[in-house]
Structure formats: C-alpha cells, structure tokens
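Here, residue 1 is the first one in the sequence, and each next residue gets the next number. Values below: all heavy atoms of this structure, side chains included; hydrogens, waters and symmetry mates excluded.
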Amino acid sequence: MSTNMLIEAVDVHRSFGTTPALTGASVAVAAGEVVAVMGPSGSGKSTLLHCLAGIYLPDSGEVRFDGSRVDGLNDTARTRLRRTAFGFVFQFGQLVPELTVADNVALPLLLGKVRRKEAYARAEEWLDRLGLSGLGGRRTGELSGGQAQRVAIARALVTRPRVLFADEPTGSLDSLTGEQVMDELMNVVRAEGTAVVLVTHDARVASYADREIMVRDGKALTVGAVGR
Ligand SMILES: Nc1ncnc2c1ncn2[C@@H]1O[C@H](COP(=O)(O)OP(=O)(O)OP(=O)(O)O)[C@@H](O)[C@H]1O
Ligand SMILES: [Mg+2]
C-alpha cells in the first residue's frame with residue numbers, strides 16, 4: 001500500500017451480474033492532485049469512479065481514503081463520507097430544476113445543517129468565483145449548458161471537499177465552452193487544493209490533469225505525467 005496517497009483503489013474487481021466491469025484496477029491519487037481517467041467506452045472508467053467514491057462496493061480489493069478503508073464502511077458512513085469529503089460533477093449537471101441556481105448551490109450546505117443565511121452567503125461567493133454573479137435567482141432551466149455546468153461545479157465545491165469526482169464534466173458542451181468550463185474548474189481546484197478524479201474521453205480535457213490513467217478492459221494503467 002503506497003503512503004501519502006489521499007485516495008486509492010487496490011486490485012479492485014467489480015462485476016454487474018456476469019459482466020466484469022473492473023478486473024483488478026489499482027489507482028492512487030495524492031492530495032491536491034488532478035488525475036485524468038481515460039479509456040474506451042465500456043472499459044470501466046465510471047465504475048472505477050463510483051468505487052473510489054464509495055458509491056459502488058467492490059466485489060474484492062480495497063478502497064482507501066485518507067488512510068482508512070472505505071469499502072468496509074456501512075451505507076450510512078459512506079453517505080456521510082461522500083457528503084463531507086467528496087464533491088461530484090457529472091456530464092449533465094443534475095441540478096434540481098424546481099430550484100433556483102442559489103438554492104442548488106446552497107443545498108449541500110443546508111443538508112449539512114449549515115444555517116440558511118450562511119449557506120446562501122457561501123453559495124453567492126461560489127457563484128461569483130465561477131463567473132456566475134447575478135444568476136442566483138434564475139431557474140436552472142434558464143441557463144446555458146456551460147452556465148449549468150459551472151453551477152454544478154459550484155455546488156460540488158461549496159462544501160470544500162478533499163476530492164472532486166468529475167465524470168465527463170464537459171461531455172455535453174461544445175469544445176470552446178468545454179475549455180472555458182475546464183479553465184474555471186482548474187482555477188478553483190488549484191486554489192482550494194482539491195484532488196480531482198476526472199473521467200474524460202477527450203484528450204484536450206485530460207491535458208489539464210497532472211497525470212493520466214488509462215483504463216482498458218477493467219484494468220487501470222498509469223500513463224505518466226501530462227500537461228502542466
Ligand atoms: N449499472 C450497470 N449494470 C450493468 N452493467 C453495467 C452497469 N454499469 C456499467 N456496466 C457495464 O460495466 C462495464 C463498464 O462500464 P462503465 O460504465 O464503467 O464504462 P465507461 O468506461 O465509463 O464507459 P463510457 O465511456 O461509455 O461512459 C460495461 O460493460 C458496462 O456495460
Ligand atoms: Mg462512463
């Protein structure tokens with residue numbers, strides 16, 4: 001087991017019925033490190049992300065966060081870990097459409113029992129940081145795709161997680177908008193020291209990362225330093 005790693009998977013196997021998704025995947029991400037996870041469709045990238053984040057339990061192998069086993073925790077403890085230490089951004093922002101932008105960003109804080117006034121003040125601050133000043137009162141359906149992804153990033157980071165899990169965060173955007181969203185995302189994670197597990201098909205998106213991991217047939221392989 002490597003030391004000084006914030007989050008790691010060791011020899012993780014995970015199947016869905018008879019379909020093997022991961023067949024001995026090992027990855028380790030240091031605090032503040034940005035790692036791109038690449039590989040063909042169906043190779044197991046999303047499954048690996050879900051295992052690292054304690055959403056799926058591995059059939060065998062280990063997942064550790066900050067030196068402690070994640071795969072040994074019960075549902076409640078894993079849910080608490082996700083809420084306090086992890087943030088998530090997916091391809092389609094998965095914002096709550098009935099709520100305003102500010103409501104969406106404040107929500108994780110309110111769920112964490114932060115008082116209303118404080119939660120909305122922090123939401124506002126994060127909207128400013130992501131170039132969304134003045135949009136707090138909008139319904140999320142009234143946003144552009146790039147704006148919606150920025151809101152999703154603000155919502156993922158408002159609790160100041162140690163790890164951001166991003167699965168194709170720019171996958172629904174055109175390449176220019178995708179680059180702008182990646183620029184914003186990198187600015188905030190570098191400023192916060194957030195580690196990022198960034199699943200992407202797109203080599204341009206991966207080039208923002210410190211290191212690239214290739215998943216093939218359920219196995220993960222570190223390719224080495226990229227970009228930076
Ligand atoms: N919930 C599920 N139920 C059944 N099979 C699944 C499920 N999730 C993933 N799989 C299967 O596990 C394998 C790995 O899927 P996974 O979603 O991890 O791939 P991926 O690399 O993220 O692909 P993509 O680039 O298309 O998102 C595939 O064969 C897939 O069909
Ligand atoms: Mg996927």
Grab the two heavy atoms, one from [X] and one from [Y], that are nearest each other, plus how far apart they are.
X	Y	answer
A119	V114	N-CG1, 3.8 Å
R190	Y208	NH2-O, 3.9 Å
C51	L22	SG-CD1, 4.1 Å
A220	L48	CB-CD2, 4.4 Å
A30	M5	N-SD, 3.5 Å
L127	A102	CD1-CA, 4.3 Å

Is [Y] close to [X] at the side-chain level, that is, under 4.5 Å between some pair of heavy atoms?
X	Y	result
F16	T47	yes
L99	T140	no
V29	V163	no
L110	R116	yes
V196	V35	no

Does [Y] offer a backbone N or O that forms a donor-acceptor pair with the side chain of [X] under 3.5 Å?
X	Y	value
Q147	S144	yes
R155	P108	no
Q149	Q91	yes
R82	G54	yes
T194	R162	no
T100	D103	yes
R78	L73	yes
K45	G39	yes
T79	D75	yes
N104	V151	no

Checklist entry - Does R14 make a cation-pi contact with Y56, if we ask for NZ or CZ under 6.0 Å from the ring centre and within 45° of the axis? => result yes

Checklist entry - Thinking salt bridges, do R69 and D71 make one under a 4.0 Å N-O criterion? => result yes

Checklist entry - Are any of the side-chain nitrogens in E124 or R129 under 4.0 Å away from the carboxylate oxygens of its partner? => result no

Taking atom [atom1] of [X] and atom [atom2] of [Y], what is their separation to the nearest 0.5 Å?
X	Y	atom1	atom2	result
L173	D202	CG	CG	10.5 Å
E168	F92	CD	CZ	10.0 Å
F65	L81	CZ	CG	6.0 Å
L132	E184	CG	CD	7.5 Å
I55	L49	CD1	CG	6.5 Å
D66	I7	CG	CD1	9.5 Å

Checklist entry - When the aromatic ring centroids of F90 and F165 are compared, is their separation below 6.0 Å? => result no

Checklist entry - Quick one: do the D128 and S133 side chains pair a donor with an acceptor below 3.5 Å? => result yes

